[in-house]
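Worksheet for the structure shown next.
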There are 2 protein chains.
Amino acid sequence: MHDVAAHAGVSRGTVSRALNGTGYVSAEARARIEAAIAEVGYVRNNAARNLVMRKTWAIGFVVHEPHQLFLEDPNIGGILLGTNAVVAEADHQLVVLVVDSDDDAARVSSYLRGGFVDGAVLVSARSHDQVADAVEQIGLPAAFVGHPEGRPSIPYVGIDNRSAARALTTRLVETGRRRIGMLASALDRDSGADRLAGFTEALGDRFDERLVVADPLYSYRAGVDTMTELLRREPALDGVFAASDAVAAGAIEALRTAGRTVPGDVGVVGFDDSAWALRCNPPLSTVHQPAAEMGRAAATLVLEQLAGRTPSSVTLPTDVVWRASA
Amino acid sequence: MHDVAAHAGVSRGTVSRALNGTGYVSAEARARIEAAIAEVGYVRNNAARNLVMRKTWAIGFVVHEPHQLFLEDPNIGGILLGTNAVVAEADHQLVVLVVDSDDDAARVSSYLRGGFVDGAVLVSARSHDQVADAVEQIGLPAAFVGHPEGRPSIPYVGIDNRSAARALTTRLVETGRRRIGMLASALDRDSGADRLAGFTEALGDRFDERLVVADPLYSYRAGVDTMTELLRREPALDGVFAASDAVAAGAIEALRTAGRTVPGDVGVVGFDDSAWALRCNPPLSTVHQPAAEMGRAAATLVLEQLAGRTPSSVTLPTDVVWRASA
DNA sequence: TTGTAGGCGTTATCAC
DNA sequence: GTGATAACGCCTACAA
């Protein structure tokens, strides 16, 4: 900047003002400065800028367990894109940080507390989470996508997994299915636990805990395995609620292997309305997740905090999408 | 840091040395400093640190067109994870930047040139690319995953799409197929163009350009559409090379709709060995992409540059994976 | 409208 | 071993 000032025959202060469009600077000076910038090949040093301004214009997007997410859950892409759109609109830069190991969690935490970002969106965090701890401790403006328990200080945007699961299960019952099982997943997460709760509620007296088979992951593989087990426990099954579309896809595969037809012998419903849903044969009846909107809402939540406000959490509506699998 | 020094009764210089494990500092002083840090709740300011050290310990991962990539191409996840692993190993922080619009491209470019990262991995860039321009112009250590033409100054890690396509096509011919068509994609990218070239070479005299139908995208939808068109042009077709697994999945769907069996009536091969490959019915014969390894190689390429070396581009081997679709 | 100068929080180079 | 002190590159009163 010193060089630019010299070339343009003005002071560093004037260059700074010209660059930031702040304060007064004559047209003539501005022109000379622009010429000088091109000539010198000047690019602003943001470390210095951030240092004095105490602001980075960057917002973090922390995604846990990318193995599972990127490979199995297309919703993450929609959330990311939604967040990016809003953040970009506000002239900030979104930087996504992947946590793929305990070391990563530590490094990302220190990245966050190191002042590299002004705020953060946390996706798929668990209750006991090093990153969330760090965010809470330093008071970084943040928002969850999903709803980890025990973090009242950080607002979230979620869907009502429980009533969505209830609605979907009820619908399944209404089609006449009598022996309905559930392939549960991620019961240590609110999403997984709430889906099971909704399922249980909808079934009421007909609920049979023997017909719930759980797996830690929302994966296709989990669907194959848990469906096989469920069939072993109850060969006369005629309905299945899978905790996610990926799980449902695996379940359909297992059912086919076992010689059952879908939806003829057994009706299957999934959850998420992800790319899996239409790709399955038959296409899945499922719950639509408004992924992009969730991303947008989360971004808005942190932007609001940056503006000094204290927004409260958001629960977005979901729709049951009924297709051919049940 | 000033406060920490005061609480510990030492100078700022000593605190800095203690924090960075550089130079000498007595055990006693170290203990007092650690106590002071806890007491004051000190966290290092990286803007200041970066300013003086001219280094951020961060590396960018730029992904273009996330719509298409995250939603359709699971390989991107593997690349990301591979890159992340190597970068983390080297004690750097990976920050992924998504380019989802022209505005994004501009913003990401200025982020890169703003000194927020020490290097960058560029995924799925095109030849004429604002981000690559910026990287090249400021001489930021970088590497491509894939091989955009006309960027000799930036090393890349790629696979030999051409010979992979040739091998796969040859294999298809060996199964006895006589009327083989291709569903080409992304011909403006090296990957797309090379796959077509390999296909053409393998067929030699039997190549018939009428049997090549192209679409800009490597998508399921493109597969459905181009397959339908191809069938219209040549109802007697008995083999299809799809430019990607997603395209192949769409093609199988279209074939089924048209009353053809796979692999009975027509043999179908894909490319990528993505999640689609096993999810299809029947599972796809395809080319395996070593995604994680590509990510690792790309990271290594930029780390090497950071170490002052000048590594050259890498081409990774691929394998034909033969399954049931042909 | 422009120049001057202090300070942002660290690291690094010296003497001591 | 430790403590001054000078950068690092920029923004921003304040004075001119």
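Letters A, B, ... mirror the listed sequences (proteins, then strands); counts begin at 1.
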Just by distance, do the side chain of [X] and the backbone of [Y] share a donor-acceptor pair under 3.5 Å?
| X | Y | result |
| --- | --- | --- |
| N84(A) | L80(A) | no |
| Y111(B) | A58(A) | no |
| T56(B) | F116(B) | yes |
| Y218(A) | G192(A) | yes |
| S16(B) | R12(B) | no |

Can E34(B) and R30(B) be counted as an ion pair, charged N to O under 4.0 angstrom?
no
Between atom [atom1] in [X] and atom [atom2] in [N], what is the gap in whole Å?
| X | N | atom1 | atom2 | answer |
| --- | --- | --- | --- | --- |
| I33(B) | dT10(C) | CD1 | P | 13 Å |
| R17(B) | dA12(C) | CZ | P | 11 Å |
| Y24(B) | dT11(C) | OH | P | 19 Å |
| R30(A) | dT2(C) | CZ | C1' | 13 Å |

So how far is it from R107(B) CZ to L112(B) CG, rounded to the nearest 0.5 Å?
12.0 Å
Between D129(A) and H64(A), do the side chains contain a donor N or O and an acceptor N or O under 3.5 Å apart?
yes
Base, sugar-phosphate, or nothing: which does M1(B) touch, judged by heavy atoms less than 4.0 Å apart?
base
Using the side chain to side chain contact (heavy atoms under 4.5 Å, CB included) rule, pick out the option among D104(B), V95(B), L97(B) that qualifies with Q93(A).
L97(B)
Starting from the first five and the last five pairs of the helix from dT1(C)-dA16(D) to dC16(C)-dG1(D), work out the angle between the resulting helix axes, to 10 degrees.
40°
Considering heavy-atom distances to DNA chain D, does E28(B) or N20(A) have its closest nucleotide positioned more toward the 5' end?
E28(B)
Near DNA chain C, under 4.0 Å by heavy atom, which residues of residues 43-59 of chain A?
L51(A), V52(A), R54(A)
Please list, in 5' to 3' order, the outermost nucleotides of DNA chain D lying under 4.0 Å from any heavy atom of chain B.
dG1(D) to dG9(D)
Side chain of S26(A), heavy atoms from C-beta onward: which of dG6(C), dT11(C), dT2(C) has the nearest atom to it?
dT2(C)
What heavy-atom pair brings W57(A) and D118(A) nearest, and what distance separates the two atoms?
N-OD2, 2.8 Å
Quick one: closest heavy-atom pair of R32(A) and A8(A), and the distance?
NE-O, 2.8 Å
